[in-house]
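Everything below concerns the one structure shown next.
Remember, predicted model here, so these are calculated numbers, not experimental data. Just so we're on the same page: letters track the sequence lines, and every chain starts at 1.
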Amino acid sequence: MSGEVEHRKRVREELISKNINPYPHKPLYQPASLRSVLDSPVEGAEVAVAGRVAAVRRHGGLVFLDIVDDGLRIQASIDKSKAGDVFEFFGKYVDLGDFVNVKGVLYRTRRGELTVDVRGLQLLAKSLRAPPVKYGHRLLDPEVRYRKRYLDMMLTPDVRRVLEVKFKVLEETRRFMWGKGFVEVETPVLQPIYGGAEARPFKTHVWALNTEWYLRISLELHLKRFIIGGFNKVFEIGKVFRNEDIDAQHNPEFTMLEAYQAYADYNDMMDLTEELISHLAEKVVGRNVVEVPVGDVKERIDLSRPFKRMTMYEAFKEYAGVDVEKLGDDEIRDLLAKNAISLAGGYDRGRAIVKLFDKLVGRKYLVQPVFITDYPRSSSPLAKPHRYNPDLAERFELFIAGMEIANAYTELNDPVLQAEYFRAEEERRKRGDEEAHPFDWDFVEALEYGMPPTGGLGVGLDRVSMVLAGVSSIKEVIPFPMMK
RNA sequence: GGGCCCGUAGCUCAGCUUGGUAGAGCGGCGGGCUUUUAACCCGUAGGUCCCGGGUUCAAAUCCCGGCGGGCCCGCCA
């Protein structure tokens, strides 16, 4: 309401005209953290705190206010008979939403609530707009929530809690990886050629070179160059960008952890993944059973080790009652047709099997953590063929709550095979599959210098955060999600 | 891309079926109240009823077309 803003602007003007700065540079009374005050309150002691006025309850000569600072709340009261000048100033110049600095004595009210009996008050920052809902209540309009996320965080403690889960995941992932002896590195976001995943990229223009470049869709190919360069254990946590749809599980930019380890294979990466996830459960939420909404039901998900492991073929048998290995290509084509699946770039047995897996098994059944291993070789152009079966790749994906959480390979390090697989991808692109992997000559050349046997892992940290926070939309764990 | 739903005060929503020219609660502002905590009581301001067109004496309401948004399905991590 414009009247409200006008009113507060007038208050601001009046303060300035009275030589009271509505936006002073520092608090007058050095504020203690609310955490320290609330954790070990000393009744009768003098304290100073600062924060936003989140609620005001006036009772004639006594006014109660809630002060919120850094996600915590404390009550203060101003007694006209004890601090008449403060009382008058507050009534005249302080509104809901303003930042204040108060000094006073800690006591407990009749109802037992810890309260600061205010004796001194300084306005720290005048707000011109009152918060749209009361502190502690939820903003309901998702449009407003995500576009004006500062209001969402400011007003709803649970929103802050969920975001804190995400940030703690980032922090604890680093701590875990460092502890395992991995070096945190960085790789370019802007690239002349993209790769490492199957996705449509974002394009951009580099003026200095007058050429089209891309935003990275994964971290993989540069991290492997670190392995070639002699770093044995590297990881990166970073944004990747995929030019695809926006929905409850997908945001066009999201945060991946990728890790590569020399002299390791996908079995080692499975152990590492399992250990990471349970480390995160323990450090971030302090328990290994979490509740996550999956579809219409809240699922109790047990993140304790070890996770179930099954091959993709076993999963087909168990959940879809299909023995894919024994199916002829005609039967697979029939299944594709029956499930209305079309394959961009023409029929390929391996890729068909993966699509069928997503459709028939994927999200429905893989609620408890499970590693699905041994993907069809042709669906994984950067993975090494399986040591016992050349039709398969040494690859696994981790599913939790019906979501793909992690993806890992024994990395392909044979440059001749890599070139061959890239060539096949290029053929597929020519046949119309926009998401086929581009041929990366520079990467093949790097492999030609020799890469040790390597295990590689990618983890979607937003989705991990969703599981740990128990939320069903990726928007909840991304501070400023992309909005249509 | 397909389907369903929504758009009225700062917020949450009623009014629409049955057309008569705009309402409530909360919030704001003013007043009252010295132990409240979604405080309470009294008063008051605040609206392009998403936009455009049509029907009608008359449209928030009925019809058509846009725009914005949400959810589900398909695809992608």
Side-chain angles (χ1 to χ4, degrees), chain A residues 1-8 10-11 54-66 73-83 87 91 95-97 107-115 117 128-148 151 155 196-201 217-218 240-258 295-296 339-344 354-355 358-359 362-363 397-400 402-407 433-435 458-464 466 472-475 483-484:
Chain A
M1 194 192 312
S2 65
E4 172 197 331
V5 174
E6 291 315 309
H7 170 85
R8 290 182 180 216
R10 278 197 297 277
V11 172
V56 178
R57 296 175 290 279
R58 293 174 208 275
H59 296 264
L62 183 67
V63 53
F64 290 97
L65 49 144
D66 291 347
R73 187 199 75 100
I74 194 167
Q75 176 169 271
S77 62
I78 306 171
D79 188 326
K80 189 178 185 178
S81 67
K82 295 187 212 158
F87 185 87
D95 291 302
L96 209 60
Y107 75 107
R108 286 197 189 271
T109 63
R110 278 178 206 165
R111 300 257 177 117
E113 172 149 3
L114 191 69
T115 303
D117 179 16
L128 297 185
R129 295 173 191 271
V133 299
K134 288 186 187 182
Y135 177 78
H137 291 242
R138 249 182 196 285
L139 274 171
L140 292 181
D141 184 345
E143 175 81 6
V144 176
R145 281 194 56 211
Y146 297 128
R147 284 197 200 278
K148 303 189 184 199
L151 291 174
L155 296 167
E198 291 197 358
R200 193 178 306 136
I217 61 170
S218 86
V240 299
F241 308 85
R242 300 188 183 176
N243 209 341
E244 321 232 319
D245 219 347
I246 306 169
D247 64 31
Q249 275 89 45
H250 303 267
N251 194 65
E253 57 177 296
F254 62 102
T255 304
M256 288 256 290
L257 159 73
E258 288 198 33
D296 299 330
N339 290 285
I341 299 169
S342 62
L343 281 182
V354 172
K355 290 270 187 189
D358 286 343
K359 182 86 179 185
R363 284 144 204 155
E397 292 193 323
L398 171 64
F399 288 82
I400 304 176
M403 294 186 291
E404 223 178 300
I405 296 285
N407 182 19
D433 186 350
E434 279 183 74
E435 297 192 349
V459 181
L461 293 181
D462 310 275
R463 289 182 174 179
V464 171
M466 289 169 69
S472 58
S473 169
I474 198 167
K475 286 185 167 66
M483 297 294 286
K484 289 178 191 170

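- Comparing C63(B) with A22(B), their C1' atoms sit 23 Å apart, to the nearest whole Å.
- Using the Watson-Crick or G-U wobble rule with both distances under 3.5 Å, A60(B) pairs with nothing in any strand shown.
- Between Lys355(A) and C76(B) there is a side-chain polar atom (N or O) within less than 4.0 angstrom of OP1 or OP2.
- Between the P atoms of U48(B) and G65(B), the separation comes to 27 Å (whole Å).
- Residue Ile341(A) is classed as having no contact, given no heavy-atom separation below 4.0 Å to the nucleic acid.
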task: For Val464(A) and Val459(A), run side chain to side chain contact (heavy atoms under 4.5 Å, CB included): C-alpha distance rounded to whole Å, both residues' side-chain angles, the deciding distance at 0.1 Å, then the answer.
output: CA-CA 8 Å; Val464(A) 171; Val459(A) 181; 3.7 Å; yes
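- Applying the Watson-Crick and G-U wobble criteria (two distances, each under 3.5 Å), A39(B) pairs with nothing in any strand.
- Here Glu397(A) lies out of heavy-atom contact (under 4.0 Å) with every strand.
- If you check every strand for non-hydrogen atoms under 4.0 Å, Arg147(A) touches sugar and phosphate atoms only.
- Separating the NE2 atom of His250(A) from the P atom of C72(B) is a distance of 12 Å, rounded to the nearest angstrom.
- Regarding Tyr146(A), its OH atom lies at a distance of 7 Å from the P atom of C71(B), rounded to whole Å.
- Each of A38(B), G28(B), C76(B) was ranked by its minimum atom distance to the side chain of His137(A); first place goes to A38(B).
- To the nearest whole angstrom, the two C1' atoms, one in A38(B) and one in C11(B), are 14 Å apart.
- Separation of the P atoms belonging to C41(B) and C16(B) is 29 Å when rounded to the nearest angstrom.
- Arg200(A) comes within contact range of no nucleotide atom at all, as no heavy-atom separation falls under 4.0 Å.
- Between the P atom of A39(B) and the OH atom of Tyr135(A) lies a distance of 13 Å, rounded to the nearest Å.
- In this structure, Glu113(A) places its CD atom 12 Å from P of A39(B), rounding to the nearest Å.
- Contact annotation: side chain of Ser77(A) to base of U35(B), donor-acceptor pair absent below 3.5 Å.
- Atom-to-atom, CZ of Phe87(A) to P of C33(B) comes out at 9 Å; the value is rounded to the nearest Å.
- With hydrogens and angles ignored, the 3.5 Å screen pairs no side-chain donor or acceptor of Asn407(A) with any backbone N or O of Gly458(A).
- On the P atoms, U34(B) is 47 Å away from C51(B), given to the nearest whole Å.
- By the side chain to side chain contact (heavy atoms under 4.5 Å, CB included) test, Glu434(A) is found to be paired with Arg200(A), residues two or more places apart in sequence or in another chain being considered.
- To the nearest 0.5 Å, the span separating CZ on Arg242(A) from CD on Glu198(A) amounts to 10.0 Å.
- Rounded to whole angstrom, the span from the CG atom of Asp117(A) across to the C1' atom of U34(B) amounts to 12 Å.
- Of the two residues contacting RNA chain B, namely Val133(A) and Arg110(A), the nearest-nucleotide position lying further toward the 5' end is that of Val133(A).
- Of the side-chain N and O atoms in Arg111(A), none sit less than 4.0 angstrom from OP1 or OP2 of A39(B).
- In terms of heavy atoms, Ile474(A) sits closest to Gln249(A) at CD1-O, 3.5 Å.
- For C26(B), neither phosphate oxygen OP1 nor OP2 lies less than 4.0 angstrom from any side-chain nitrogen or oxygen of Lys134(A).
- The nearest whole Å value for the distance from the NZ atom in Lys80(A) to the P atom in C33(B) is 7 Å.
- Across all strands shown, Asn243(A) has no heavy atoms under 4.0 Å from either base or sugar-phosphate atoms.
- Using N1 to N3 plus N6-O4 or O6-N4 for Watson-Crick, or N1-O2 and O6-N3 for G-U wobble, each under 3.5 Å, C67(B) pairs with G7(B).
- Nucleotide U48(B): unpaired (no Watson-Crick or G-U wobble partner with both distances less than 3.5 Å).
- The phosphate of U36(B) has neither OP1 nor OP2 within less than 4.0 Å of any side-chain N or O from Arg57(A).
- Which of U36(B), G28(B), U34(B) sits closest to the side chain of Ala130(A) comes down to G28(B).
- For the P atom pair drawn from G10(B) and A45(B), the interatomic distance equals 16 Å after rounding to whole Å.
- The gap from the P atom of C49(B) to that of U44(B) amounts to 24 Å, rounded to the nearest Å.
- Among the atoms of the strands shown, base atoms are found under 4.0 Å from some heavy atom of Asp247(A).
- The CZ-P distance, from Arg145(A) to G70(B), rounds to 12 Å in whole Å.
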task: Test Val240(A) against Phe254(A) for side chain to side chain contact (heavy atoms under 4.5 Å, CB included), laying out the working first.
output: CA-CA 6 Å; Val240(A) 299; Phe254(A) 62 102; 3.4 Å; yes
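- In this structure, Ser77(A) and Leu62(A) approach most closely via the heavy-atom pair CB-CD1, 4.2 Å.
- Using atom P as the reference point in both U18(B) and C76(B), the two lie 47 Å apart (nearest Å).
- Remark on RNA chain B: of its neighbouring residues Val144(A) and Ser473(A), the 5'-side contact belongs to Val144(A), judged by nearest-heavy-atom nucleotide.
- Between Ala130(A) and Arg8(A), the closest heavy-atom pair is CB-NH2, 3.5 Å.
- Donor-acceptor pairing under 3.5 Å, judged by distance alone, is present between the side chain of Asp79(A) and the base of U34(B).
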